[in-house]
A.B. asks: 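One structure coming up, written as structure tokens, with questions to follow.
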Amino acid sequence: MALPSTIFKALLSISDIDRGYYAEHGLTLARHPSETDERMMIRLMAFIFHADEQLSFTRGLCVDQEPDLWLKDLTGEISLWIEVGLPDERRIRKACSKAKQVVVYAYGSRAVEPWWLKNGSDLTRHKNLRVMALDPESCSALAGLARRSMEFVCTLQDGSVWLHGADAELCLSPKQLLPSC
């Protein structure tokens with residue numbers, strides 16, 4: 001018998017100064033039994049960076065053909081495909097052919113640098129791809145904020161996000177490895 005997903009609720013008050021986007025989002029995140037708090041919180045952070053009324057979490061780990069998050073336009077075309085982790089180059093190539101823009105949030109302690117050295121030169125040919133790297137300390141701090149019920153005030157400016165919660169504050173500044181499209 002398969003273990004059920006654990007349900008997390010997040011209330012986000014987002015002020016994205018860079019994009020001029022201001023909204024509140026009530027989200028439900030299902031954490032797959034094999035997913036860590038760190039990975040789930042990075043998915044939440046990716047949502048914050050790209051917040052939109054149409055941005056949604058997918059079935060993620062359960063379905064190979066779907067990203068962690070996506071934004072579809074009214075015709076059903078994928079405007080934004082977001083991957084979390086260290087996907088292989090073939091998966092990214094496939095995503096770049098399906099979506100107008102693809103963003104990868106790479107994390108994983110000491111694994112990001114070898115992954116980038118192996119894949120970076122191949123990934124530069126994709127003009128609709130952006131790769132962002134998260135440092136291990138920030139990922140660990142972000143994982144420490146995971147609660148079954150969370151509430152954050154999120155301020156985005158100059159590519160960084162400040163999270164203010166009931167019991168902690170955190171600033172995340174992902175490093176851009178591959179320029180934006």
A.B. asks: Do Arg93 and His126 have side chains that get closer than 4.5 Å, going by heavy atoms?
C.D. replies: yes
A.B. asks: Rounded to the nearest 0.5 Å, how far apart are CD1 of Ile82 and CG of Leu55?
C.D. replies: 5.0 Å
A.B. asks: Could you go through the side-chain contact (heavy atoms from CB on, under 4.5 Å) check for Leu12 and Glu151 one step at a time?
C.D. replies: CA-CA 6 Å; Leu12 307 174; Glu151 191 170 330; over 6 Å; no
A.B. asks: Just so I know, are the side chains of Ile7 and Thr28 near enough to count as touching, which here means a heavy-atom distance under 4.5 Å?
C.D. replies: yes
A.B. asks: Applying side-chain contact (heavy atoms from CB on, under 4.5 Å), run through Leu11 and Met150 and close with a yes or a no.
C.D. replies: CA-CA 6 Å; Leu11 179 59; Met150 301 174 276; over 6 Å; no
A.B. asks: Check whether Asp68 reaches the backbone of Glu83 with its side chain - one donor and one acceptor, N or O, closer than 3.5 Å.
C.D. replies: no
A.B. asks: Report yes if some heavy atom in the side chain of Met45 is under 4.5 Å from a heavy atom in the side chain of Leu134; otherwise report no.
C.D. replies: yes
A.B. asks: Could you walk me through whether Glu77 and Lys72 pass the salt bridge (Lys or Arg N to Asp or Glu O under 4.0 Å) test, one step at a time?
C.D. replies: CA-CA 5 Å; Glu77 285 194 45; Lys72 291 185 175 184; over 6 Å; no
A.B. asks: Judged by modelled atom types alone, do Asp158 and Ser160 share a side-chain donor-acceptor pair under 3.5 Å?
C.D. replies: no
A.B. asks: Tell me, with the steps shown, if Ile17 and Thr155 meet side-chain contact (heavy atoms from CB on, under 4.5 Å).
C.D. replies: CA-CA 7 Å; Ile17 297 163; Thr155 305; 4.0 Å; yes
A.B. asks: Which distance, rounded to the nearest 0.5 Å, do you find between the CD1 of Ile78 and the CD of Gln101?
C.D. replies: 13.0 Å
A.B. asks: Looking only at heavy atoms, what is the nearest atom pair of Cys96 and Asn128, with distance?
C.D. replies: O-ND2, 3.0 Å
A.B. asks: Does Arg125 CZ have over 12 foreign heavy atoms under 6.0 Å away?
C.D. replies: yes
A.B. asks: Would Asp167 and Arg147 count as a salt bridge (Lys or Arg N to Asp or Glu O under 4.0 Å) if you check the C-alpha gap in whole Å, the side-chain angles of each, and the deciding distance to 0.1 Å?
C.D. replies: CA-CA 11 Å; Asp167 54 354; Arg147 306 283 185 274; 3.0 Å; yes
A.B. asks: Students often mix this up, so state it plainly: with edges at 30° and 60°, are the rings of Phe47 and Phe57 parallel, tilted or perpendicular?
C.D. replies: parallel
A.B. asks: Of the non-hydrogen atoms in Gly85 and Val104, which two are nearest, and what is the gap between them?
C.D. replies: O-CG1, 3.9 Å
A.B. asks: Ignoring hydrogens, what is the shortest heavy-atom contact between Ser138 and Leu170? Give both atom names and the distance.
C.D. replies: O-CD2, 4.3 Å
A.B. asks: Answer yes or no on whether Lys118 is positioned over the face of Trp116, meaning its NZ or CZ is under 6.0 Å from the six-membered ring centre and within 45° of the axis.
C.D. replies: no
A.B. asks: Could you report the tightest heavy-atom contact between Tyr21 and Ala51, atom names first, then the distance?
C.D. replies: CE2-CB, 3.6 Å
A.B. asks: If you round to the nearest 0.5 Å, how far is SG of Cys154 from CD of Glu24?
C.D. replies: 10.0 Å
A.B. asks: Could you go step by step and tell me if Asp37 and Arg31 meet the salt bridge (Lys or Arg N to Asp or Glu O under 4.0 Å) rule?
C.D. replies: CA-CA 8 Å; Asp37 281 345; Arg31 191 186 71 203; 2.4 Å; yes
A.B. asks: Report yes if some heavy atom in the side chain of Tyr107 is under 4.5 Å from a heavy atom in the side chain of Arg39; otherwise report no.
C.D. replies: yes
A.B. asks: Are any of the side-chain nitrogens in Arg19 or Asp16 under 4.0 Å away from the carboxylate oxygens of its partner?
C.D. replies: yes
A.B. asks: How about Glu38 and Ile42: do any of their side-chain heavy atoms sit closer than 4.5 Å?
C.D. replies: yes
A.B. asks: Are side-chain heavy atoms of His50 and Val103 found at a separation under 4.5 Å?
C.D. replies: yes
A.B. asks: Does the pair Lys94/Glu89 count as a salt bridge with the N-to-O cut at 4.0 Å?
C.D. replies: no
A.B. asks: If you group Ile, Leu, Val, Met, Phe, Trp and Tyr by side-chain heavy-atom gaps below 4.5 Å, do Val153 and Ile48 land in one group?
C.D. replies: no
A.B. asks: Taking the side chain from Trp115 and the backbone from Pro87, do they hold a donor-acceptor pair closer than 3.5 Å?
C.D. replies: yes
A.B. asks: Provide the closest heavy-atom pair for Gly159 versus Phe49 in the form atom of the first, atom of the second, distance.
C.D. replies: O-CE2, 3.6 Å
A.B. asks: May I ask you to check whether His25 and Phe152 place their ring centres under 6.0 Å from each other?
C.D. replies: no
A.B. asks: Is there a side-chain contact between Thr58 and Pro67 in this structure, where contact means two heavy atoms from C-beta onward sitting under 4.5 Å apart?
C.D. replies: yes
A.B. asks: Output the distance between atom CG (Asp135) and atom CG (Leu172), rounded to the nearest 0.5 Å.
C.D. replies: 8.0 Å
A.B. asks: What are the two closest heavy atoms between Cys171 and Trp162, and how far apart are they?
C.D. replies: SG-NE1, 3.4 Å
A.B. asks: Return the CG to NZ distance between Leu71 and Lys100, rounded to the nearest 0.5 Å.
C.D. replies: 9.5 Å
A.B. asks: Report the distance from atom CG of Leu44 to atom CG of Leu69, rounding to the nearest 0.5 Å.
C.D. replies: 9.0 Å
A.B. asks: Are Val84 and Arg43 side-chain neighbours, meaning at least one heavy-atom pair lies under 4.5 Å?
C.D. replies: yes
